[in-house]
Protein chains: 2
Amino acid sequence: MTSTAGFDLDEFLPYRLAVAAQRVSAAFRAVYGPRHGLSVAEWRVMAHLANAGPVSVREVFARVAMDKPKVSRAASRLELAGLIEKRADPGDRRLVALSLTERGRAVMTDLVPLARAFEAGLLARLTPEERAALDAVLTKLVEAGEETGGEGAASDAL
Amino acid sequence: MTSTAGFDLDEFLPYRLAVAAQRVSAAFRAVYGPRHGLSVAEWRVMAHLANAGPVSVREVFARVAMDKPKVSRAASRLELAGLIEKRADPGDRRLVALSLTERGRAVMTDLVPLARAFEAGLLARLTPEERAALDAVLTKLVEAGEETGGEGAASDAL
DNA sequence: CTCATATCGTTGCAAATGAAATGACGTCAA
DNA sequence: TTGACGTCATTTCATTTGCAACGATATGAG
């Protein structure tokens with residue numbers, strides 16, 4: 001009879017969003033994980049490198065919504081696996097320039113079409129209106145989260 | 001020149017969804033966390049109990065998208081904090097009946113309005129069309145994730 | 001009744017995680 | 001040039017996580 005009654009977690013937006021993201025992420029991991037043994041963090045680093053070329057750890061972690069140690073460790077594993085290369089930046093030796101190796105590029109050549117197909121499979125379930133709305137909504141929710149205090153990651157400057 | 005070029009992670013749906021969920025979750029945690037020292041897992045258990053009354057661990061973990069040990073540990077912490085009560089089910093002594101204590105109910109009486117206000121604040125940013133679309137889209141994405149293999153949690157029966 | 005099998009919740013353990021500390025390097029004012 | 005301060009990446013440490021194993025209880029076949 002208090003206001004706690006009638007509160008259904010299943011209809012609570014933050015919860016629903018978290019579950020949807022978790023399910024989609026797990027489904028996608030089932031696509032790229034078994035194929036090349038990548039974790040989510042590793043996939044993100046690879047994806048960013050494939051698109052952006054040689055880039056520092058800072059550059060990656062600022063753009064990829066992961067904290068610094070996570071990017072650093074993912075990069076180390078990827079280097080060990082021979083998929084990326086770490087070399088000191090000639091201009092600023094604090095920086096580590098990350099880039100895909102030949103094998104890394106091959107992996108991404110294999111994976112990118114799968115990623116696109118996976119995304120297409122998701123979007124195919126939605127109407128055009130829903131697709132447009134989803135795009136707008138995700139942008140707005142991310143903004144809202146940032147403003148309200150949910151920095152998520154990327155906290156080196158405080 | 002290969003198909004890996006032009007793949008922008010920032011526009012990849014699974015990634016965008018994960019980031020949005022993470023940001024929203026962090027923002028919401030900033031609302032309920034400092035107030036009563038709850039983690040996400042603990043909040044979910046509390047929310048479910050507030051709505052559903054005495055319930056077994058199995059019941060909770062099946063409905064709350066967390067694995068069994070996570071629910072178990074969250075329940076232990078909540079019991080230690082005096083917010084919930086664990087007692088053996090009289091009919092089946094394998095089961096543990098979880099229920100809110102008086103203090104637990106008080107916490108939820110405090111939190112549920114905050115949760116509703118937080119959600120309202122998010123929804124206020126969306127147009128009515130976007131709200132409707134979001135609802136449909138989240139449902140579809142969860143279904144898609146389940147079908148494609150992303151079970152997320154709830155894996156005791158396989 | 002008895003034994004095999006299934007279910008429930010907890011616990012062990014290895015791996016992942018995040019915050020803060022560390023070490024290496026750059027930059028800027030004096 | 002020197003020295004204080006800021007930045008970059010890694011590492012350290014305590015905590016959290018997820019999976020598998022475990023003990024306890026329940027159920028059903030013979």
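All chains are named by letter (A, B, ...) in the order of the sequence lines, taking the proteins before the strands, and each is independently numbered beginning at 1. Small disclaimer: the values here were computed from a predicted structure and weren't measured.
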Between CG of L95(A) and P of dG26(C) the distance, given in whole Å, is 9 Å
Q) Does any N or O in the side chain of E130(A) come within less than 3.5 Å of the main-chain N or O of V137(B), such that one atom is a donor and the other an acceptor? A) no
Within residues 70-93 of chain B, those residues having any heavy atom closer than 4.0 Å to DNA chain C are S72(B), R73(B), K86(B)
Rounded to whole Å, the NZ-P distance (K68(A) to dT7(D)) equals 10 Å
Taken to the nearest whole Å, CE/M66(A) to P/dG18(C) is 10 Å
By side chain to side chain contact (heavy atoms under 4.5 Å, CB included), E85(A) pairs with (sequence neighbours left out) R87(A), S99(A), T101(A)
note: D67(B), atom CG; dC8(C), atom C1'; distance rounded to Å ~ 15 Å
side-chain hydrogen bond (donor to acceptor under 3.5 Å, both in side chains) with T127(A): of R125(A), R131(A), E129(A), only one passes, and it is E129(A)
Look at R94(B) and dT7(C) and indicate whether a side-chain polar atom (N or O) is within less than 4.0 Å of OP1 or OP2.
no
So, do R58(B) and L95(B) sit near enough that their side-chain heavy atoms are less than 4.5 Å apart?
-> no
| message | For Y32(B) and F118(B): C-alpha separation, side-chain torsions, deciding distance, then whether side-chain contact (heavy atoms from CB on, under 4.5 Å) applies. | response | CA-CA 10 Å; Y32(B) 70 73; F118(B) 180 81; over 6 Å; no
| said: When you compare the side chain of M46(A) with that of L100(A), does any pair of heavy atoms fall below 4.5 Å? | reply: yes
Atom CZ of F61(A) and atom C1' of dT7(D) are separated, to the nearest Å, by 10 Å
Taken to the nearest whole Å, CZ/R58(B) to P/dC8(C) is 4 Å
d(I84(B) CD1, L98(B) CG) to nearest 0.5 Å is 5.0 Å
Within residues 33-49 of chain A, those residues having any heavy atom closer than 4.0 Å to DNA chain C are none
field: Ion pair E102(A)/R105(A), N-O distance below 4.0 Å
entry: yes
